[in-house]
Amino acid sequence: MAHGLADAGIDLFRSGIWKPRTRPGVFEGRGSVALPWLRRVKEETGLKTTVEVANARQVAKAIEFGIDVLWIGARSTANPFSVQEIADALKGVDIPVMVKNPTNPDLELWIGAIERVQAAGIKKIAAVHRGFSNYAKTMFRNEPYWEIPIELRRRMPEIPLLCDNSHICGNRQELLNVAQYALDLNYDGLMTETHCHPDEALSDAQQQITPTTYKLLIDKLVFKREMTDDSDFLEYMDHIRHQIDELDLEVLDLLGRRMKLSEEIGKHKKHNRISILQVKRWNEILEKAKDMGRERGLSEGFISHYLSAVHQESILRQSLIASKENDSPKGD
Ligand code: PEP
Ligand code: MN
């Protein structure tokens, strides 16, 4: 497999030798016995190697065997005790570390793990987006919630971001789409699981592809530049962006006015001892907006996200008014 991947031109050979498994009694990786195999991968192919580490002992073993890059898995990132133990074991060691997002959609936990590794003196750190566990069954094994890595990017622009399309998809069919989506969001790389005989893989067989298929996938990806200095392009971008900025400002003005009306209605409800939440009205607003949105080419998902935010803000404003003491209700 390593030879196949070296031919495909990868930068880093990933291998889970200590695998955290949700349920006991299944394949948990070969453990330390596989470390010399990885040394051989490096000697024979020149590929750099990376393994997942979840505790201090595994960090020490991986370093002893010359592993080039370590990665902290999603389950460990979700546990600050584990991350701290790994970070403590990394003090004084010069090795790049990749930090996967925690299983739960919690950006602060992800950032916290990166900060713990930074505080241990590690300079080369990358973040790996592998999606987030979700009780609901969707087309993804792990829901991508793209807004979370986008916000990570905004908060930590110096941290390279990789997309683990395998664990997001959980299948082979969507790997290309998710990888392309990540590239379009300017990700710095991919982490993809491969296996010479995918159907026989001892873990996550349904998402594995062969090194050959992997190469085909990479060849299909469209790589884009983040920017260009072409003046025609930039001028037209400015022209459109100017219009977008104006519209955004108009939307903000309208939202400001809309919230003033929410406050007004909040006062009116308070004086008449009427409850803030009016489920029937909320349903009507939502259904009407979905129809009107559809006519304007806006998706239902977007409309319901947008209106939920507006509604929440409106409820908050009304409840602040309701809890103000000086404004006594009608009749008092
Ligand atoms: C893995 O990369 O094989 C793995 C176990 O991933 P995660 O920590 O993202 O579940
Ligand atoms: Mn896996």
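Each ligand, and each atom within it, is numbered from 1 in the order the structure gives.
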Do you know which N/O/S atom name in D204 is closest to the Mn ion (ligand 2)? OD2
Kindly report the NE2-the Mn ion (ligand 2)-OE2 angle for H167 and E193 respectively, rounded to 10°. 100°
How close does the nearest protein non-hydrogen atom get to atom 3 (O) of ligand 1, and which residue and atom is it? R14 NH2, 2.9 Å
If we count only N and O atoms by modelled type, under 3.5 Å, do the side chains of N283 and E287 hold a donor and an acceptor together? no
List the closest protein heavy-atom neighbour of atom 8 (O) of ligand 1: residue, atom name, distance to the nearest 0.1 Å. A74 N, 2.9 Å
Below 30° counts as parallel, above 60° as perpendicular, anything between as tilted: where do the rings of F132 and Y145 land? tilted
Atoms in ligand 1 with a heavy atom of E193 nearer than 4.0 Å: 3 (O)
Out of all atoms in ligand 1, which are within 4.0 Å of some heavy atom of R75? Include the element for each. 7 (P), 8 (O), 10 (O)
According to a hydrophobic-cluster definition based on side-chain heavy atoms being under 4.5 Å apart (Ile, Leu, Val, Met, Phe, Trp, Tyr only), do L70 and L162 belong together? no
When you check the side-chain N and O atoms of Q207 and E193, is any donor under 3.5 Å from an acceptor? yes
Taking all atoms of both residues into account, what is the closest heavy-atom pair of S76 and V53, and its distance? OG-O, 4.4 Å
Once you round to the nearest 0.5 Å, how far does CD of Q118 lie from CD of E158? 6.5 Å
of all protein heavy atoms, closest to atom 1 (C) of ligand 1 is H167 CE1, 3.2 Å
What protein heavy atom sits nearest atom 9 (O) of ligand 1, and how far away is it? R130 NE, 2.6 Å
Report, in ascending order of atom number, the atoms of ligand 1 lying under 4.0 Å from any heavy atom of G73. 8 (O)
In ligand 1, the atoms that come under 4.0 Å of a heavy atom of K19 are 3 (O)
Tell me, which protein residue and heavy-atom name are nearest atom 6 (O) of ligand 1, and how many Å apart are they? K100 NZ, 2.9 Å
With a cut-off of 3.5 Å and sequence neighbours excluded, list every side-chain donor-acceptor pair involving residues 86-100.
residue	atom	partner	partner atom	Å
D88	OD1	Q84	NE2	3.0
D88	OD1	K91	NZ	2.9
K100	NZ	D164	OD2	2.6

Measure up the Y181 and W146 rings against each other and bin them: parallel (under 30°), tilted (30 to 60°), perpendicular (over 60°). tilted
In the protein, what heavy atom is nearest to atom 5 (C) of ligand 1, and what distance, to one decimal place, separates them? E52 OE1, 3.7 Å
Consider ligand 1: state whether an atom of it lies below 4.0 angstrom from any non-hydrogen atom of M191. no
Checking T213 side chain against I209 main chain: does a donor-acceptor pair fall under 3.5 Å? no
